[in-house]
Amino acid sequence: MFTDLVLASAHHVLVFGLAAIIAMEAVIVRPDMSGGSGRLLSRIDAYYGAAATLVLLIGIARVLFGLKGWEAYVYNWAFWLKMLAFAVVGLLSIRPTMQIRKWRKNADEDTFTPLAEDVAKVRGYILAQIGVFTLIPVLAATMARYGY
Ligand code: HEM
C-alpha cells in the first residue's frame, strides 16, 4: 500500500511538472524570441527530457508494483491507448528539440533572430503535443476504472 502511495504521488507530481514544462515552451517560443529566451528554452527542453523519462520509469513501476498488479494493465485497452498517446507526444517533441538545439547554437550571437517559419513550425508541434497530452488524463481515468 505504501509503495503504491509513493509511486502514485510521484506520478502525479511528475505529470503536472511535464504539463507545466510544455506550457512554458509554448509561452517562450515566439517570433520575437531573444538569445536569452533561446538559452532558457534549451534548459527547459532538457528538463522536459528528464521529466518524461521519469514519468515513463515511475509509470512502469506503477504497472509492476502497483496495488492492482500488472495483469490489470497489460490486458487493458485504455492503458494501451494511453501508452500510444504518450508515445505520440514524444514523437511530436522530436522536431522541436532538434530546432531548439539549433537555436541554442546561435543564441549567444547578438544578431540572434529565429526564422518566423521555424517558430511557426515549432509552435504547431507544441500545440499538437498539448492537444494529445490532454487526452492522457482522460485515458488514465478510464484505464483505472474500465478497459479490462
Ligand atoms: C509511460 C507512461 C505512463 C505509464 C506506464 C503510466 C501508468 C499508470 C498507472 C499504472 C496508473 C495507475 C492506474 C490505477 O489506479 O489503476 C496511472 C494513473 C494515472 N496516470 Fe499514468 N502512466 C504514464 C503516463 C502518464 C501521463 C503522461 C499522464 C498525464 C498526462 C498520466 C496520468 C495519470 C493519471 C491522472 C492517473 C490517475 C488515474 C485515476 O486514478 O483516475 N500518466 N498511470
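Numbering of ligands and ligand atoms starts at 1, following listing order. Numbering of residues begins at 1 and proceeds along the displayed sequence.
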Exercise. Less than 4.5 Å apart, any side-chain heavy atom of Leu5 and any of Met1?
Worked result: no
Exercise. At atom 21 (Fe) of ligand 1, what's the angle from His11 NE2 to Lys82 NZ, rounded to 10 degrees?
Worked result: 170°
Problem set entry | Worked verdict on Val29 versus Trp103 for side chain to side chain contact (heavy atoms under 4.5 Å, CB included) | CA-CA 11 Å; Val29 176; Trp103 281 333; 4.1 Å; yes
Problem set entry | Closest protein heavy atom (residue, atom, distance) for atom 9 (C) of ligand 1 | Met143 CE, 3.3 Å
Problem set entry | Note, Asp45 side chain near Arg104 side chain (heavy atom, < 4.5 Å) | no
Problem set entry | Numbering as shown, the atoms of ligand 1 that approach Gly59 to under 4.0 Å (heavy-atom distance) | 4 (C), 5 (C), 6 (C), 7 (C)
Problem set entry | Gap between atom CD1 of Ile28 and atom CZ of Arg30 - 0.5 Å precision | 11.5 Å
Seminar exercise, completed: Closest to atom 13 (C) of ligand 1 among protein heavy atoms sits Tyr73 OH, 3.5 Å
For this session: Among all protein heavy atoms, pick the one closest to atom 40 (O) of ligand 1 and tell me residue, atom and distance.
Result: Ala144 CB, 3.8 Å
For this session: Quick one: look up the protein heavy atom nearest atom 27 (C) of ligand 1 and list residue, atom name and how far away it is.
Result: Phe86 CD1, 3.5 Å
Exercise. Tell me: protein heavy atom nearest atom 10 (C) of ligand 1, and distance?
Worked result: Arg62 CB, 3.5 Å
For this session: Report yes if the side chains of Thr142 and Trp77 come closer than 4.5 Å at any heavy-atom pair, otherwise no.
Result: yes
Seminar exercise, completed: atom 34 (C) of ligand 1 sits nearest the protein heavy atom Ala140 CB, 3.4 Å
Exercise. Quick one: which ligand 1 atoms are inside 4.0 Å of a heavy atom on Lys68?
Worked result: 14 (C), 15 (O), 16 (O)
Exercise. Where does Ile60 meet ligand 1, judged by heavy-atom distances below 4.0 Å: at the side chain, the backbone, both, or neither?
Worked result: backbone
For this session: For atom 2 (C) of ligand 1, find the nearest protein heavy atom and state the residue, atom name and distance (0.1 Å precision).
Result: Met83 CE, 3.8 Å
Exercise. If you group Ile, Leu, Val, Met, Phe, Trp and Tyr by side-chain heavy-atom gaps below 4.5 Å, do Ile60 and Ile58 land in one group?
Worked result: yes
Exercise. Is it true that Asp4 and Lys68 make a salt bridge, defined as a side-chain N closer than 4.0 Å to a carboxylate O?
Worked result: no
Exercise. At a 4.0 Å threshold, what atoms of ligand 1 neighbour a non-hydrogen atom of Arg145?
Worked result: 39 (C), 41 (O)
Problem set entry | Nearest-contact summary for atom 29 (C) of ligand 1 - protein heavy atom, Å | Val15 CG1, 3.1 Å
Exercise. Side-chain contact, heavy-atom cut-off 4.5 Å: Thr97 with Tyr48?
Worked result: no
For this session: Consider every N or O of His12 and every N or O of ligand 1, then say whether any pair is closer than 3.5 Å.
Result: no
Problem set entry | Numbered atoms of ligand 1 (with element) below 4.0 Å of Phe133, judged on heavy atoms | 30 (C)
Exercise. Between Met143 and Asn76, what is the shortest heavy-atom contact and its length?
Worked result: O-ND2, 3.0 Å
Problem set entry | side chain to side chain contact (heavy atoms under 4.5 Å, CB included) between Lys121 and Gln99, intermediate numbers included | CA-CA 9 Å; Lys121 208 184 295 167; Gln99 183 60 56; over 6 Å; no
